[in-house]
Structures are given as C-alpha cells and as structure tokens.
Number of protein chains: 2
Amino acid sequence: MPPARRRDAERNRNRLLAVAAEVVAERGPEAPLSEISSRAGVGAGTLYRHFPTRESLLVALFDARVDELCAAAVRAGDTHRPAVALRAWMLQFVRHALTDNGLAETIDLTRGSADHDCAARIEAAAAQLLDAAQQAGVVTATVDAGQLIRLCIALALAADDLDQAASLIAIAWSGLAASPLPRG
Amino acid sequence: MPPARRRDAERNRNRLLAVAAEVVAERGPEAPLSEISSRAGVGAGTLYRHFPTRESLLVALFDARVDELCAAAVRAGDTHRPAVALRAWMLQFVRHALTDNGLAETIDLTRGSADHDCAARIEAAAAQLLDAAQQAGVVTATVDAGQLIRLCIALALAADDLDQAASLIAIAWSGLAASPLPRG
DNA sequence: ACCTGAACACCGTTCAAGT
DNA sequence: ACCTGAACACCGTTCAAGT
C-alpha cells in the first residue's frame, strides 16, 4: 500500500481535483494551472507537488471515467450480441468524450506514456468487443483495437455535438461491419 | 487592387512567411511567434503588423496548399469517374495534411471564421466530387461536404503516418460507398 | 513532511520613439 | 508608412523560508 499521506496533503489533493474538474469543464484541458491552484486556495507549489505535470492531473481527473468506459465494455459484451455491443459502446465512448471536456484529448495525450496510459486501458477493453465482433463475422475490416480507439477519438474531436458524432459513427460502422443489407 | 506596399514591408512579409514555413514545419503550428520574428530578423511588432493573429499567419502560410487541394479536386473530377475521383482526392487530402505539419489544424481552425475560411473553400471543392459520387450512386450515405471534410481532418489528425491514414480512409470509404461486393 | 508565495523564465501583445 | 525593441501581462516552474 502507498505510504500514508498527511491529512492536510490528502485534503489539498482532493480539493485540487474537485476544483480542476470545474475549471477543466469550464475552460478545457488547457486551462491555466494557476487558476486551479488559486481557486483551490493553495500555493502554486502545492499543485506541482501533487501533480508534477498537467498530464498527471488530467489522468487523475479522468481516471474514473476511463474506468467507467472499461466497465461499460465488459457489461456490453456480457449482455449483448457482439455487433450491438461494439456499436453501442462506440456511441457511449463519443458521448462521454463530448460530455467531459478534455477526456478524448487526455486519452490521446497519454497514448504510449510510461505511466498512466489511459489509451492502453481503453484499448484493452475495446479489444474484447472487437475480437468478439470479428469472430462472429460482423466486423470484417482488418482493424486492431488501437485503430478503433484512434478512430473514435478522431470522430469525437471532429464532431461539435452528439448528432454529428452519431452520424460519423454510423458511417464508420458501416465501414467496419459486413454489409447487412447488400444491394446490387 | 490592394494599395501598394512599401518595398521594405513587402520584403519583410515574404521573409516572415518563408521563416514561418520552416519554423512551423519544425515545431508545429503552435511554435513561438517570437522565434519566427527573431529568425526573420525583424521586430516583434513587424510580425504583428503583417499578421495580427496566429491564424492569419497560418492561413497565409497554407493558402497555396489549399489552392492546390481545390485544383486537385477539379482535376480529379474531370479525369476520373466519380468513385475514383472522390476516393483519390480524400487520400490526397490526408497526404497533404500529414506532410504539411499544421495544415489540418489550420483548416479546422478557420472553420466559420469571417475572413479566410479555408474550410469553406475546401468544402466547396469537395462538394463537387461528393455530388457527382452521390448522383452516380456510388456514395449512398447521407453526408454533406462539411461532414466529409470533418471526417478527413479527423482521420488525418488521428493517424501517425500515411499507412494508418490510408487504412482509416479505407474504412471510412466502405462506410460511405455502396457495398461493391455484397455478401450474405 | 508538507505548504506558501516570491522569483524567475518564457511568450504574446502593445506602443512610444525612431527612420 | 513602416520598423524597432523595450515594456507589460500572463502563465508555468522552481525553491528558499516557513509550519
């Protein structure tokens, strides 16, 4: 277990995360760190002690959301047939990304980073759904989970609202899936 | 015609653009403006006089590339059948975007801006190809040119190299196109 | 062990003084 | 008409001094 933090340190950390959630929601993931520390009522150095990089703050901030998305993938895989599960999860992914300002950027940002690789966690979760869909023959395109997540992130970042995202996903989906209603 | 610029002003403008091309290629579209002005051997104020915003500098920088892409669309439409023309042009778009660091960001950035809307120019060019493809029945998805460009930008930004971009485009394409080889 | 906040560095932006 | 470059503002980052 991690060495016990002092009570004031723990309190400051929580406060910083709560304030960061507000500030990032308002002003995006590039919001001034000084605004976060000052609104939290702590010195600049305290923010740095707890979160040595902006990335580490964002990761801590979105950690729970990433967990949710991974759990959602497992749940979808358990309760739906492969095609429905994957498609529904992709939609959920972009819904989360559009709701939580900065989530998609953070996942993209941490790709391949030594510690706290959010992209890897998400990709592992998506890989289950993708495998199942490919084995069931509903996804015929040769994509790996990495490309799939990359695609979802791209669509989320490209879309201004959920409607646009949904329509882009529909296109991507029919590109991934075997054609369900072939025409001449 | 525009009021004639003084010769020194003209020279500084050209110098700034040439240096900006280098710096943006090296360090991306967020590169420090101070680096551009100092490398060009002019004062900070001179950069500001010619290009009041970073956006205006980037637009001037990529103007020729945007023209090329528009011209390429016309050419493709004239020389190929609709399906080939659109698909080839999409590939060309991402190739340009991957080669010229900052091009995709700039197009995205200027979307809807009052002056110098690169996205609008590109979209107008793409609309021709898209219309033709839809009328020929090779593109069945209900997309407009705006969504198409958004998609291309997203794919370009999501991909690390041309291979990745090409495979994402392949997926997107089979999502856009009527299925050429229907299966059960 | 942890915090504060002043100090420094960096970059964007403006503008008074020059040519 | 245009340029220079110092001055200012803003933000990230560090660190000496405090508890």
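FYI, side chains are in, hydrogens and waters are out, and symmetry mates aren't considered; it's all heavy atoms of this structure. Below, chains carry the letters A, B, ... as their sequence lines are ordered, and counting in each starts from 1.
Formation of a donor-acceptor pair under 3.5 Å by the A:Thr79 side chain with backbone atoms of A:Arg75 is found in this model. For the pair A:Ser113 (side chain) and A:Leu109 (backbone), a donor-acceptor distance under 3.5 Å is absent. Between the side chain of A:Arg54 and the backbone N or O of A:Ala31 there is at least one donor-acceptor pair closer than 3.5 Å. Proximity of a side-chain donor or acceptor of B:Ser174 to a complementary backbone N or O of A:Gly175 within less than 3.5 Å is detected.
Among A:Leu33, A:Leu16, A:Thr106, the single residue meeting the side-chain contact (heavy atoms from CB on, under 4.5 Å) criterion with A:Leu57 is A:Leu33.
Taking a cutoff of 4.0 Å between a charged side-chain nitrogen and a carboxylate oxygen, A:Asp8 and A:Arg15 do not qualify as a salt bridge. Between B:Arg150 and B:Asp108 there is no salt bridge, since no side-chain nitrogen of the basic residue lies less than 4.0 Å from a carboxylate oxygen of the acidic one.
Here A:His50 does not reach the OP1 or OP2 of C:dC2: none of its side-chain N or O atoms lies under 4.0 Å away.
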Checklist entry - How far apart are the C-alpha atoms of B:Asp144 and B:Gln147, what are their side-chain angles, what is the distance that settles it, and do they pass the side-chain contact (heavy atoms from CB on, under 4.5 Å) test? => result CA-CA 5 Å; B:Asp144 58 31; B:Gln147 285 174 305; 3.5 Å; yes
Next on the checklist: Please evaluate residues B:Glu55 and B:Thr110 with respect to the criterion side-chain hydrogen bond (donor to acceptor under 3.5 Å, both in side chains), reporting the C-alpha separation (whole Å), side-chain torsions for both, the decisive distance (0.1 Å), and the verdict.
Outcome noted: CA-CA 7 Å; B:Glu55 186 189 317; B:Thr110 63; 5.8 Å; no
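The shortest non-hydrogen separation linking A:Ala126 to A:Leu148 is CB-CD2, 4.2 Å. Considering all non-hydrogen atoms of both residues, B:Asn101 and B:Ala25 come closest at ND2-O, 3.7 Å.
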Checklist outcome for this item: Scoring nucleotides 14-19 of chain C by protein non-hydrogen atoms under 4.0 Å (B base, S sugar-phosphate only, - none) yields BB----
Kindly list each side-chain donor-acceptor pair under 3.5 angstrom involving residues 82-98 of chain B, sequence neighbours excluded, with atom names and distances?
from: B:Trp89; atom 1: NE1; to: B:Leu69; atom 2: O; distance (Å): 3.0
from: B:His96; atom 1: ND1; to: B:Gln92; atom 2: O; distance (Å): 3.2
from: B:His96; atom 1: NE2; to: B:Glu68; atom 2: OE1; distance (Å): 3.3

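Taking atom CG on B:Leu58 and atom P on C:dG12, their separation rounds to 12 Å, with Å as the unit. A straight line from CZ of B:Phe51 to C1' of C:dT13 spans 17 Å, rounded to a whole angstrom. Atom-to-atom, CZ of A:Arg49 to C1' of C:dT4 comes out at 11 Å; the value is rounded to the nearest Å.
DNA chain C is contacted by A:Asp8, A:Ala9, A:Asn12 of residues 7-15 of chain A, taking any non-hydrogen atom closer than 4.0 Å. The stretch residues 105-113 of chain A has no heavy atom under 4.0 angstrom from DNA chain D at all. Listed by residue number, the members of residues 28-43 of chain A with any heavy atom below 4.0 angstrom from DNA chain C are A:Gly41, A:Val42, A:Gly43.
Here CG of A:Asp100 is found 4.5 Å from CZ of A:Arg65. Values are rounded to the nearest 0.5 Å. Atom CD of B:Gln164 sits about 11.5 Å away from atom CG of A:Leu151, to the nearest 0.5 Å. Rounding to the nearest 0.5 Å gives a distance of 10.0 Å between CG of A:Asn12 and CZ of A:Arg6.
Looking at DNA chain D, the stems built from 3 or more consecutive Watson-Crick or G-U wobble pairs, each pair with its key distances under 3.5 Å, are C:4-8 with D:12-16, C:12-16 with D:4-8.
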